[in-house]
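The structure appears below as C-alpha cells.
What you see is a predicted model; the values in this text were computed from it and never measured.
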Amino acid sequence: MRTALLLLTSCLVVAVVPGAIASERYATRPPVMSPDLTAPWVMQLRQRPVGAPVNPRGYVVFSDPPVRAVKQRDRRAVRRDVDANPAVREVSFQRPEQPAADAQPKQRGMEPKFLPQTVAYDGPEKPGTIVINTSQRFLYLVEAGGTAQRYGVGVGKEGFGWSGTNAISRKAEWPDWNPPAQMIERERLKGRIIPAHMEGGVANPLGARALYLGSTLYRIHGTNAPWTIGHSVSSGCIRMRNEDVTDLYERVNVGTKVIVR
C-alpha cells in the first residue's frame, strides 16, 4: 500500500511541473534594472590595478613589466619608458613641444639702412654721376636739386679694396661670368674649385645686371647673396641687390662717370 502511494505521488509531480514551467514562459517578466552604481562590487571595477601607470592625460597604461607611475612633470620619463618597451602604448592629445626661439634657424638678410632711398646731396659732382663710398658701403647716383638716390653695396674684402675714377664701358643683363685666372688659382689653393665660365642666370654670382668699369676687371653687379650687402666680401667688384642694380641699370648709360672713394 505504501509503495503504491509513492508511485502515485511521483506521477502527479511529473504531470504538474511541466505545466507550471510552460505557464511561467508566457508570464509578464519584471523590468530590467541597472545595478546600484554605489555597490561595492561595482566600485571595485573602477579601481586602477596595483602597479599600473597613468599617463599625463589620466588613461591607464598596462605593460609587462609595468612602468612606474609618474606625475605630469615626468612626462618625458614615461616617453622614454614607452619607447624602450614596445608593449606599452601611451594615449595623449598633447601638442608637440615647440623648439626654443633661439633654436629656430635665423633668416639671413641685410640691414634696413642699406635699402634704396633718396637722400640730400651737397657734393661737387654733377647730376648723373655715380659716387661710391666704400667705407660706408653706399653708392650714390647724384640727381638734380641737391638730392641723390642711395643704395647699399658690398665692397672688396681686405686686400682687394681700391679707389679711382672710371666710366661705364658696357652694360649687360644676366651676364656670363668669366673669373680671371688669378681668382681661379687663388680659390684652388683654398680648396675651392670655380668654373672658368658660367652662363648668366639666377645661380650666377654676377646676378641680374652688370655695369663694367672701363677696361678693368671690376664691375658694379647684382648678387645671388643679398645678405652680403653692407659687408666687405668681394674681390674688388661692387655688389648690389638684384632689385637695386636693375633700377640703377635703367637710370644710367654707357659713359656714366663712376667715382670710387
Side-chain angles (χ1 to χ4, degrees), residues 101-102 104-177 179 198 200-261:
D102 56 0
Q104 297 286 352
K106 296 181 179 180
Q107 298 296 324
R108 292 186 290 184
M110 68 180 197
E111 295 183 45
K113 70 177 183 179
F114 293 116
L115 293 173
Q117 55 186 294
T118 301
V119 298
Y121 178 78
D122 59 358
E125 308 306 331
K126 296 180 180 180
T129 303
I130 293 175
V131 180
I132 301 173
N133 187 319
T134 56
S135 61
Q136 295 182 357
R137 319 290 199 262
F138 288 123
L139 180 152
Y140 298 85
L141 174 59
V142 181
E143 299 175 327
T147 63
Q149 187 71 9
R150 190 183 77 180
Y151 307 88
V153 297
V155 299
K157 53 192 172 185
E158 186 176 357
F160 292 89
W162 62 280
S163 61
T165 301
N166 219 307
I168 296 176
S169 56
R170 185 165 71 92
K171 298 170 61 178
E173 299 183 10
W174 295 106
D176 291 352
W177 183 40
M198 180 182 289
V202 293
N204 193 302
L206 297 186
R209 302 288 187 272
L211 306 171
Y212 295 81
L213 303 179
S215 59
T216 70
L217 298 176
Y218 302 126
R219 293 154 291 226
I220 299 171
H221 64 79
T223 178
N224 54 16
W227 55 87
T228 62
I229 301 303
H231 301 278
S232 300
V233 289
S234 75
S235 295
C237 288
I238 306 301
R239 295 184 182 182
M240 303 179 70
R241 287 194 317 163
N242 280 334
E243 301 93 323
D244 298 343
V245 75
T246 299
D247 181 65
L248 180 65
Y249 184 94
E250 300 298 330
R251 292 171 180 262
V252 301
N253 299 313
V254 171
T256 296
K257 183 179 180 180
V258 180
I259 300 172
V260 180
R261 294 173 177 164

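- In this structure the side chain of Gln149 reaches within 4.5 angstrom of the side chain of Pro116, judged on heavy atoms.
- Note that CG of Leu211 is 11.5 Å distant from CD1 of Ile238, once rounded to the nearest 0.5 Å.
- Asn224 places a side-chain N or O within 3.5 Å of a backbone atom of Ala203 that can act as its donor or acceptor partner.
- Of all heavy-atom pairs spanning Asn253 and Thr256, the tightest one is O-OG1, 2.7 Å.
- The NZ atom of Lys157 lies 4.5 Å from the OG atom of Ser235; values are rounded to the nearest 0.5 Å.
- With respect to Leu139, the side chain to side chain contact (heavy atoms under 4.5 Å, CB included) criterion is satisfied by exactly one of Ile220, Val260, Val245, Val155: Ile220.
- The structure places CG of Asp247 at 12.5 Å from CG of Asn242, a figure rounded to the nearest 0.5 Å.
- Between Glu243 and Pro226, the closest side-chain pair of non-hydrogen atoms is not below 4.5 Å.
- Residues satisfying the side chain to side chain contact (heavy atoms under 4.5 Å, CB included) test with Ser135, not counting sequence neighbours, are Asn133.
- Under the 3.5 Å distance criterion, the side-chain polar atoms of Asn204 are matched with a main-chain donor or acceptor of Met198.
- At a threshold of 4.5 Å between non-hydrogen side-chain atoms, the residues His221 and Arg239 count as touching.
- The two residues Val153 and Met240 have their closest heavy-atom pair at CG1-CG, 3.8 Å.
- Applying the side chain to side chain donor-acceptor pair (under 3.5 Å) rule to Thr134 yields no partners; only residues at least two apart in sequence or on another chain are considered.
- Rounding to the nearest 0.5 Å gives a distance of 7.5 Å between CG of Leu115 and CG of Asp244.
- Using cut-offs of 30° and 60° on the angle between ring planes, the pair Trp162 and Tyr218 is parallel.
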Decide yes or no on side-chain contact (heavy atoms from CB on, under 4.5 Å) for Lys126 and Val142, but give the supporting numbers first.
CA-CA 7 Å; Lys126 296 180 180 180; Val142 181; over 6 Å; no
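- Residues that satisfy the side chain to side chain donor-acceptor pair (under 3.5 Å) test with Ser169, not counting sequence neighbours, are absent from this structure.
- Residues satisfying the side chain to side chain contact (heavy atoms under 4.5 Å, CB included) test with Ala172, not counting sequence neighbours, are Arg170, Pro175, Tyr212.
- Here the CG-CD1 distance, from Asn166 to Ile130, works out to 11.5 Å after rounding to the nearest 0.5 Å.
- For the residue pair Gln136 and Tyr140, the shortest heavy atom distance occurs at OE1-OH, 3.7 Å.
- To the nearest 0.5 Å, atom CD of residue Glu111 and atom CD1 of residue Ile229 are 12.0 Å apart.
- Contact check for Ile132 versus Val258: side-chain heavy atoms found under the 4.5 Å cut-off.
- Looking only at side-chain heavy atoms (C-beta outward), Phe114 and Arg137 come within less than 4.5 Å of each other.
- Scored by the side chain to side chain donor-acceptor pair (under 3.5 Å) test, Glu125 finds Arg261 as partners (sequence neighbours excluded).
- Contact detail for Lys171 and Val252: the closest heavy-atom pair is NZ-O, 2.9 Å.
- Across all non-hydrogen atoms, the minimal contact from Lys113 to Phe138 is O-CE2, 3.6 Å.
- Contacts of Arg150 classified as side chain to side chain donor-acceptor pair (under 3.5 Å), with partners at least two apart in sequence or in another chain: none.
- Residues Lys257 and Ile259 come closest through the heavy atom pair CE-CD1, 3.8 Å.
- Between Trp174 and Val202, some side-chain heavy-atom pair lies under the 4.5 Å cut-off.
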